[in-house]
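Below you'll find the structure, written out as C-alpha cells, and then a few comments.
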2 protein chains.
Amino acid sequence: MPGTKPHDLLIFLTNRVGRQLSRLMLEQMEFEGFLPQSTHMGLVADLVGNDGLRQQDLAISTIKDKGTVARALKQLESAGLLMRQIDADDRRQKLIRLTDKGNRLWQFAQSKATETMVTATHDIEQTEFDTCIDVLKRVYQNLHQQLSIPQTSSHE
Amino acid sequence: MPGTKPHDLLIFLTNRVGRQLSRLMLEQMEFEGFLPQSTHMGLVADLVGNDGLRQQDLAISTIKDKGTVARALKQLESAGLLMRQIDADDRRQKLIRLTDKGNRLWQFAQSKATETMVTATHDIEQTEFDTCIDVLKRVYQNLHQQLSIPQTSSHE
DNA sequence: GCAAACTAGTTGCGTTTGCAACGAATAACC
DNA sequence: GGTTATTCGTTGCAAACGCAACTAGTTTGC
C-alpha cells in the first residue's frame with residue numbers, strides 16, 4: 001500500500017486484517033452442525049457475559065443495520081445458540097441471552113482462534129500488540145459517539 | 001466487548017473500526033458525480049503510484065474475490081477513474097492504471113479523511129498510533145502468505 | 001505442432017447486507 | 001383520555017459479494 005499517508009492506512013489496514021482474520025478463522029468454525037459467519041460471531045462476542053442486551057444495542061455496537069442483526073439473531077436462535085425474550089416492561093423490545101450451547105460455541109471459537117493468532121503475531125512483541133489493541137479500542141470508542149448520533153430524524 | 005481474551009479482540013476490533021471508518025468517510029466522498037464504495041477505495045489505494053497492477057494482484061492484496069474486483073474495476077473504469085489495458089505480452093491479463101481523475105479522487109479522499117481521523121485519534125499519542133499501524137501491517141503480512149497459498153489445487 | 005493443463009478475467013446464481021417502509025408498543029403533549 | 005411523535009423489531013427490495021462455471025489466452029509435454 002504505497003503512496004498513502006500514515007493516517008490513511010488505518011481504514012485499509014483494519015478492513016483488510018479484519019477480513020483476513022475472519023476468513024481464516026471461520027473456515028475452521030463449524031460447531032455442532034452450525035456454520036457461523038462473521039456477523040454471527042460478532043454478535044456472540046458481545047453477548048458473552050452480557051445477558052439482556054436488546055437488538056438495537058447490538059446493532060450499534062457491531063455497526064450493522066438493525067435488519068441485518070434481526071436476521072442473524074433469528075438464525076442463531078433457530079440453531080439454539082440464544083434466546084430472544086420479549087421484555088415485559090417494554091413489549092417492543094426483546095432481551096437476548098446466550099444459551100449453554102451459545103456459550104460453548106464461544107469457548108470453541110476461542111480455542112480455534114489461538115492457532116491463527118499465533119501465526120498472525122509470531123514476530124510481534126506482547127507490549128506492541130497490547131498497544132495496538134488499546135489504540136483500536138480508543139478509536140472505536142471515539143467513533144462510536146459519532147455514529148450513534150444520527151438519530152436526528154430528518155422530518156420533512 | 002467483555003469476556004474476551006486479548007488475542008480474540010483483534011478480529012472484532014479490526015472489523016468494527018474498519019466499518020466505522022468506512023461508513024464515516026464514504027458519506028462525505030461524493031466526487032464529481034461518482035459515489036465510491038469501500039471496495040472502490042481499497043482498489044484505488046493500491047493503485048496510487050502503482051501503474052500496471054493486474055486484477056489478480058488486486059484481488060489478493062484487497063482480499064476480495066476476483067469477480068468482485070472485476071466488477072468494481074469496471075465501475076471505476078466507466079466513471080473514468082482508471083484504464084484497463086490488455087497486456088501485449090500476455091493478452092489474458094489487463095494492466096491497470098489510474099487516470100488523472102482517479103488520482104484526483106485519491107487526493108480528495110485524503111483531504112476528506114483528515115477530519116474523521118482527527119476525531120478518531122484525538123486522545124492517542126503519535127508513537128502509540130504508529131505502533132498500532134506497524135503491528136497491523138505485520139499481521140497483514142503474516143496472514144497474507146497464509147491466504148495466498150490456497151492455489152494448491154485439489155486435484156482428485 | 002497438437003492436446004492437456006493451467007491462468008486471467010468474466011458472468012450467473014444464491015446469500016448477505018443496508019436502506020426504507022411498515023406494524024406494534026410506548027412516550028409525549030395538549 | 002386521546003392524538004401525535006418515537007422507538008423497537010420485521011420485512012421487501014435492490015445492490016454487492018463469494019463461489020463456481022465459463023471463455024480466451026498461454027504454457028507444458030509429447
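Small disclaimer: the values here were computed from a predicted structure and weren't measured. We name chains A, B, ... by the order of the sequence lines, and we start the count at 1 in each one.
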Rounding to an integer number of Å, can you tell me how far [X] [atom1] sits from [N] [atom2]?
X	N	atom1	atom2	value
B:Leu43	D:dA16	CG	C1'	13 Å
A:Gln55	C:dT17	CD	P	15 Å
B:Leu53	C:dG9	CG	C1'	15 Å
A:Asp65	D:dT11	CG	C1'	11 Å
B:Leu73	C:dT11	CG	C1'	15 Å
A:Asp57	D:dT7	CG	P	14 Å
B:Leu58	D:dG18	CG	P	14 Å
B:Gln75	C:dT11	CD	C1'	14 Å

Can you find a side chain N or O atom of [X] that sits less than 4.0 Å from OP1 or OP2 on [N]?
X	N	answer
B:Gln37	D:dC17	no
A:Thr68	C:dG18	yes
A:Gln56	D:dC8	yes
B:Gln93	C:dG9	no
B:Thr39	D:dA16	no
A:Lys74	D:dG9	no
B:Arg54	C:dA8	yes

Practice item. Please state whether the base of C:dG18 and the side chain of A:Arg71 form at least one donor-acceptor pair under 3.5 Å? Key: yes

Check your understanding: Is a donor-acceptor contact shorter than 3.5 angstrom present between the side chain of B:Lys94 and the base of C:dG9?
Key -> no

When you measure from the side chain of [X] to the backbone N and O of [Y], does any donor-acceptor pair fall under 3.5 Å?
X	Y	value
A:Arg54	A:Gln93	no
A:Arg16	B:Tyr140	no
B:Asp134	B:Asp130	no

Revision key, fill the gap. Whichever of A:Gly67 and A:Arg92 has the more 5' nearest nucleotide on DNA chain D, that residue is A:Arg92

Exercise for review: Take A:Asp89 and A:Ser38, find for each the nucleotide of DNA chain C with the closest heavy atom, and name the residue whose nucleotide sits nearer the 5' end.
Suggested key: A:Ser38

**Study point:** Pairwise 5' ranking along DNA chain C for A:His40 and A:Asp87, keeping only the more 5' one
**Key:** A:His40

Practice item. Give the intermediate values and the outcome of side-chain hydrogen bond (donor to acceptor under 3.5 Å, both in side chains) for residues B:Asp46 and B:Thr62. Key: CA-CA 8 Å; B:Asp46 270 9; B:Thr62 60; 6.0 Å; no

Practice item. Name the closest nucleotide to the B:Arg91 side chain, picking from D:dG25, C:dT11, C:dG18. Key: D:dG25

Check your understanding: If you check every side-chain atom of B:Arg84, which of C:dT17, C:dC6, C:dT10 has the closest atom?
Key -> C:dT10

**Study point:** Selection residues 31-45 of chain A - residue pairs positive for side-chain hydrogen bond (donor to acceptor under 3.5 Å, both in side chains), sequence neighbours left out
**Key:** A:Glu32-A:Arg104, A:Thr39-A:Lys64, A:His40-A:Gln75

Practice item. Determine the sole option in A:Asn50, A:Leu76, A:Val48, A:Leu105 for which the side chain to side chain contact (heavy atoms under 4.5 Å, CB included) test with A:Leu98 is passed. Key: A:Val48

